[in-house]
Amino acid sequence: QVQLVESGGGLVQDGASLRLSCAASRSTFDGHAMAWLRQAPGTERSFVAAIDWSGGNVYYGDSVQDRFTIARDNAKNSLYLHMKKLRPEDTAVYYCAAYKTEYPSDEALYTWGQGTLVTVSS
C-alpha cells in the first residue's frame, strides 16, 4: 500500500528554519529514490530536492541549493527536509514523493502525499 504522510509545516518568519518529515510505507520507501516537491498558489508543482535509495546522492533545485537539505532514515522509512534561511517565496504546499526506481528520474516519479503547508511571512 502506498502511503506518504507529511508533517512539520507551519507559519514562520523570513530567515527562519523548519524541518519537514514524511512517514512512508515500507513498500513505497525501501529501495526507492524519494523527493520533495512544492506547489505555490497559482503555480504548478515543482521539484525541490531528491535523494537516492541509499542516501548517498542528493539533488536540489536551484532556488533551494545551499539552504535546504534532504535526508532519509531507512530504518524508520522516513524522509526529511531541513530548510533554513526561509524566504517568503518558499511559501508553498510541500509534498513528499516517491520514485519507482532506486535513483531519481522524471519519468519514474509516481506518487506523492497530501502535502504540508509552509508559510513564510516577511
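Sequential numbering from 1 along the given sequence is applied to the chain's residues. Hydrogens, waters and symmetry mates are skipped; everything else that's a heavy atom, side chains included, is used.
When every heavy atom of T101 is checked against every heavy atom of S105, the shortest pair comes out as OG1-OG, 4.3 Å. Taking every heavy atom of both residues into account, A50 and P104 meet most closely at CB-CG, 3.9 Å.
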Identify every side-chain donor-acceptor pair in residues 79-86 under 3.5 Å, counting partners at least two apart or on other chains, and give the distances.
none

Return all side-chain donor-acceptor pairs below 3.5 angstrom for residues 14-21, not counting sequence neighbours, or 'none' if the list is empty.
none

Ignoring hydrogens and angles, write down the donor-acceptor pairs under 3.5 Å from the side chains of residues 109-122, residues two or more places apart or on other chains.
from: T116; atom 1: OG1; to: G9; atom 2: N; distance (Å): 3.1
from: S121; atom 1: OG; to: V12; atom 2: O; distance (Å): 3.3

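Both V58 and V64 belong to a common hydrophobic cluster when Ile, Leu, Val, Met, Phe, Trp and Tyr are linked at side-chain heavy-atom distances under 4.5 angstrom. In the hydrophobic cluster analysis, where Ile, Leu, Val, Met, Phe, Trp and Tyr join through side-chain heavy atoms closer than 4.5 angstrom, V48 is grouped apart from Y103.
For the atom pair L4 CG and S25 OG, the distance stands at 6.5 Å (nearest 0.5 Å). Here the NE2-CG distance, from H32 to D52, works out to 13.0 Å after rounding to the nearest 0.5 Å. Rounded to the nearest 0.5 Å, atoms CD (Q39) and CD (E44) are 8.0 Å apart. Between atom CG of residue N57 and atom CD of residue E102 there is a gap of 11.5 Å, rounded to the nearest 0.5 Å.
Between R67 and Y60 there is no side-chain heavy-atom pair separated by less than 4.5 Å. Annotation: side chain of W36 is not in contact with side chain of Y95 (no heavy-atom distance under 4.5 Å). Under the 4.5 Å side-chain criterion, counting only non-hydrogen atoms from C-beta, I70 is not in contact with M34. Put simply, the side chain of F29 does not reach to within 4.5 Å of the side chain of C22, judged on heavy atoms.
Between the side chain of N77 and the backbone N or O of T28, no donor-acceptor pair lies under 3.5 Å.
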Could you walk me through whether D90 and R38 satisfy the side chain to side chain contact (heavy atoms under 4.5 Å, CB included) test, starting with their C-alpha distance in whole Å, then the side-chain angles of each, then the deciding distance to 0.1 Å, before giving a yes or no? CA-CA 9 Å; D90 293 318; R38 68 184 180 185; 2.9 Å; yes

